[in-house]
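Here is the structure we will look at.
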Amino acid sequence: MAHEKKLLGVFAYLDELVNALKFAREKGFTIHTVYSPFPHHGIEEALGLKPSPVRFVTLTGGVLGILTGIALVVYTCVQWKFVVSGKPIIPLVPAVVVGFEFCILFSVLFNFAAMLFKARLPKLHRPEHYDNRFSQDHFGVLVLCPENEREHLSSILKEAGAKDVHEVNA
Amino acid sequence: METISYSRFNEDILRNMSPPGRRYYVLLALAFAGVLLGASCWAYQIATGLGSAGINLPVYWGTYLINFVFWVGIAHSGTLISAILYLFRAPWRTAIARSAEAMTVFAVSVAGLFPFIHLGRVWIVYWILPYPNQRNLWPNFQSPLVFDVIAISTYLTVSVLFWFTGLIPDLAVVRDSSTGLRRKIYGFFSLGWLGTHRQWNHYGTAYLLFAALATPLVISVHSVVSWDFALSIVPGWHSTIFAPYFVAGAIHSGLAMVLTLLIPLRRVFKFEHLITLKILENIAKTIIFTGLIVGYAYGVEYFMAQYSGNIAERDTFIWRAVGHYALEFWIMVLFNAVVPLAFFIKKVRTDLRYLFGISILINIGMWYERFVIIVGSAAHQFDPYSWGYYSPTWVEFGIMIGSFSLFFFLFLLFARFIPTISMTEMKETGRHSRRENP
């Protein structure tokens with residue numbers, strides 16, 4: 001919305017950030033982004049985040065991996081039907097080992113790719129309002145607010161303990 | 001551990017990336033010289049043929065395979081610390097997980113070279129890959145050597161990605177606290193990480209799954225390595241306890257290597273308050289556990305040989321203890337199963353000199369364990385007519401020195417260019433509220 005503003009609050013302490021998130025959400029503001037130097041379940045709870053869908057992609061990778069591994073063994077063995085010591089042409093037990101390793105390999109590749117995709121990585125440009133302190137020892141919260149609520153939101157953030165609150169573009 | 005403020009973690013941990021002293025460069029140069037020595041020996045072997053190595057009838061598996069198993073084993077405890085202890089929520093792993101994982105990556109890389117070195121014609125190594133060729137010949141998937149290729153390459157891929165994923169937020173920290181070219185380089189490798197709540201949410205799930213997948217993988221990898229031996233019919237190798245025995249031995253040797261690397265590291269970078277004595281003590285306690293398993297496996301092997309009534313099996317084990325390689329055998333038993341028991345004494349496991357000394361002894365002992373298993377069985381198979389001995393030539397010694405040098409060379413580079421402790425994870429243990437920060 002064109003008339004919406006974005007306010008960035010910078011916090012030095014985790015507990016104050018979490019309180020600010022709770023207050024702002026209670027008052028009906030939309031939290032756009034929270035920047036933090038490390039993950040914390042307090043932030044996730046305060047934002048009411050859902051579990052990441054990455055796990056389903058990983059599971060898909062695992063299933064595909066098992067099928068690929070076993071298919072590879074079966075396909076290659078029937079290409080040249082070579083009987084050794086009267087053993088079956090399609091070796092079932094060894095296929096389990098190959099299937100298992102492929103399962104792990106594909107799960108991990110899918111897991112990594114899904115993580116990059118969902119986290120929007122690699123990112124070529126950092127937003128202008130990004131503060132170097134966010135990876136060090138400070139937390140940032142970017143909140144959307146209508147023009148007329150600007151002062152109200154600013155006071156909520158400051159009361160919660162924000163070191164600094166300012167408006168940002170885009 | 002006392003709680004520390006976030007910025008203190010940054011300052012302390014990033015200290016390892018400040019310009020090092022002359023001693024660092026001397027060590028680096030020494031390690032690099034060792035790498036060159038190893039490379040030259042390998043080049044010589046490629047030029048003259050595999051006959052320049054001491055492997056010959058009946059012992060075709062010599063130091064190359066010993067070093068292969070040794071380095072894969074070293075790798076395992078890195079994954080134990082970074083993945084298994086992560087799943088078990090053991091908080092003491094946090095400070096050492098990064099360097100242990102780095103050790104894993106470097107050890108697997110070094111291990112991965114040995115099958116290549118062991119090949120007579122290394123330029124056709126791609127024959128082992130499953131690809132359709134002219135005559136429609138495929139690798140034999142019933143062979144444990146093919147399992148090995150798949151397992152080791154999977155392990156290398158997974159540990160590199162796991163390590164890199166753990167590094168992303170920390171590389172962003174380095175990016176944000178530096179300027180110029182360095183900022184650009186670390187910015188590139190941090191993939192533009194911002195630390196938003198969405199990123200952390202997906203990252204956290206992915207990281208947990210990484211750990212959950214690496215755990216069964218690490219157990220499978222050394223099991224597969226053990227099947228290289230156990231699936232043959234050679235006395236002393238053909239045994240069902242090989243998989244758990246190898247996995248326990250791998251972790252035993254790896255934990256010892258962690259101590260060998262961490263004790264100098266924490267001293268040089270003054271990490272005593274981060275990598276505390278308590279952590280080293282916990283590693284020592286884990287070593288007691290793995291040492292007991294290894295000792296038990298040594299005993300069970302003898303029991304099985306005796307109880308099976310198989311004369312070849314029985315003779316092999318008697319020969320190991322009193323034959324040509326008895327010295328190596330007793331080094332193995334003493335250093336791996338007996339010496340670590342000293343960690344039962346609190347004074348020993350809290351004294352850095354003992355910790356370091358015993359860790360070196362275990363490293364030596366575990367190398368000899370692989371020697372005893374591999375050479376001890378191959379030299380003394382069923383037919384007395386074809387019994388024989390093996391001793392490495394200078395080419396093999398050179399390549400072995402090269403492999404150790406390469407490992408330490410990579411680790412030295414790591415200690416200089418990458419945050420050796422995860423700042424992100426350490427901050428999670430820090431002081432989170434104003435009250436705690438005076």
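Predicted, not measured: the structure shown is a model, and the values here were computed from it.
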Paired with A:P37, the side chain to side chain contact (heavy atoms under 4.5 Å, CB included) test is passed by just one of B:K427, B:M423, B:E428, namely B:K427
Distance col, row B:T196:OG1 vs A:F134:CZ, nearest 0.5 angstrom, shows 11.5 Å
To the nearest 0.5 Å, atom OG of B:S7 lies from atom NE2 of A:H138 at 8.5 Å
Bottom line for A:T33: the part with an atom under 4.5 Å from chain B's heavy atoms is both
The interface call for A:L116 against chain B, heavy-atom contacts under 4.5 Å, is side chain
Residues of residues 40-48 of chain A with a heavy atom under 4.5 Å from any heavy atom of chain B, in residue-number order, are A:H40, A:E44, A:L47
Applying a strict 4.5 Å limit to non-hydrogen atoms, the region of A:F139 in contact with chain B is side chain
From the list A:Q79, A:H125, A:R133, the residue making the most non-hydrogen contacts under 4.5 Å with chain B is A:Q79
Check your understanding: Has A:R120 got more than 12 heavy atoms of other residues, nucleotides or ligands less than 6.0 Å from its CZ?
Key -> no
Margin query: Please check this pair: side chain of B:H197 against backbone of A:V34, looking for a donor-acceptor N/O pair closer than 3.5 Å.
Written below: yes
Rounded to the nearest 0.5 angstrom, the CH2-SG distance for B:W138 and A:C77 is 10.5 Å
Requested in this report: Determine yes or no for a side-chain-to-main-chain donor-acceptor pair under 3.5 angstrom, with A:Q136 supplying the side chain and B:V173 the backbone.
Outcome: yes
For B:Y131, I'd like to know if atom OH has over 12 heavy atoms of other residues, nucleotides or ligands within 6.0 Å. yes
Original post:
Are A:L109 and B:V158 close enough that some pair of their side-chain heavy atoms sits under 4.5 Å apart?
Top reply: no
When the 4.5 angstrom heavy-atom criterion is applied to B:P169 and chain A, the contacting part is neither
Within residues 16-27 of chain A, the residues sitting under 4.5 Å from chain B by heavy atom, in sequence order, are A:E16
Shortest non-hydrogen pair, A:Y130 vs B:W193, comes out as OH-O, 4.3 Å
| request: Check whether any side-chain N or O of A:E101 sits under 3.5 Å from a backbone N or O of B:I150 as a donor-acceptor pair, and report yes or no. | output: no
Assess whether side chain to side chain contact (heavy atoms under 4.5 Å, CB included) is satisfied between B:Q199 and A:L121, documenting all intermediate values.
-> CA-CA 9 Å; B:Q199 287 184 333; A:L121 294 172; 3.5 Å; yes
Exercise. Please answer whether the main-chain N or O of A:K50 pairs with a side-chain N or O of B:N201 as donor and acceptor at a distance below 3.5 Å.
Key: yes
Pair count under 4.5 Å, heavy atoms only, with chain B: among A:L49, A:T58, A:V93, highest is A:L49
So, the part of A:V108 with a heavy atom under 4.5 Å from chain B: the answer is both
d(B:L209 CG, A:F110 CZ) to nearest 0.5 Å is 14.0 Å
Here the gap from A:I90 atom CD1 to B:F141 atom CZ, rounded to the nearest 0.5 Å, amounts to 13.0 Å
In terms of heavy-atom pairs under 4.5 Å with chain A, the winner among B:D170, B:L208, B:T165, B:L213 is B:L213
Of the listed A:V54, A:I104, A:N111, A:L105, the one with the largest count of heavy-atom pairs under 4.5 Å with chain B is A:N111
### Neighbour count >12 (heavy atoms, 6.0 Å) for atom CZ, B:F382
yes
Turns out that what part of A:A12 lies under 4.5 Å from chain B's heavy atoms comes down to backbone
The interface call for A:Y35 against chain B, heavy-atom contacts under 4.5 Å, is both
Suppose we call two aromatic rings close when their centres sit under 6.0 Å apart. Are B:F162 and A:F112 close by that rule?
no
Heaviest contributor of heavy-atom pairs below 4.5 Å to chain A, chosen from B:A214, B:S143, B:G195, is B:G195
Taking every heavy atom of B:A172 against every heavy atom of A:S135, the minimum-distance pair comes out as O-OG, 3.8 Å
Scanning both residues in full, the closest heavy-atom pair of A:P53 with B:H202 reads CD-CE1, 3.7 Å
**Request:** List the steps and the verdict of side chain to side chain contact (heavy atoms under 4.5 Å, CB included) for B:L194 and A:K123.
**Result:** CA-CA 9 Å; B:L194 295 174; A:K123 221 177 195 53; 3.4 Å; yes
Most contact-rich option vs chain B, by heavy-atom pairs under 4.5 angstrom, among A:Y75, A:W80, A:F102, is A:W80
Rounded to the nearest 0.5 Å, the CG atom of B:L217 sits from the OG atom of A:S107 at a distance of 10.0 Å
Quiz item: Quick one: are B:Y203 and A:P39 in side-chain contact, heavy atoms under 4.5 Å?
Solution: no
Cut-off 4.5 Å, heavy atoms of chain A, and the answer for B:P216 is both
Ranking A:D137, A:N132, A:V57 by heavy-atom pairs under 4.5 Å to chain B gives rank one to A:N132
When the 4.5 angstrom heavy-atom criterion is applied to B:V224 and chain A, the contacting part is side chain
Whatever's closer than 4.5 Å to a heavy atom in chain A on B:S177 counts as both
* Hey, do the aromatic rings of B:W200 and A:F38 have their centres closer than 6.0 Å? -> no
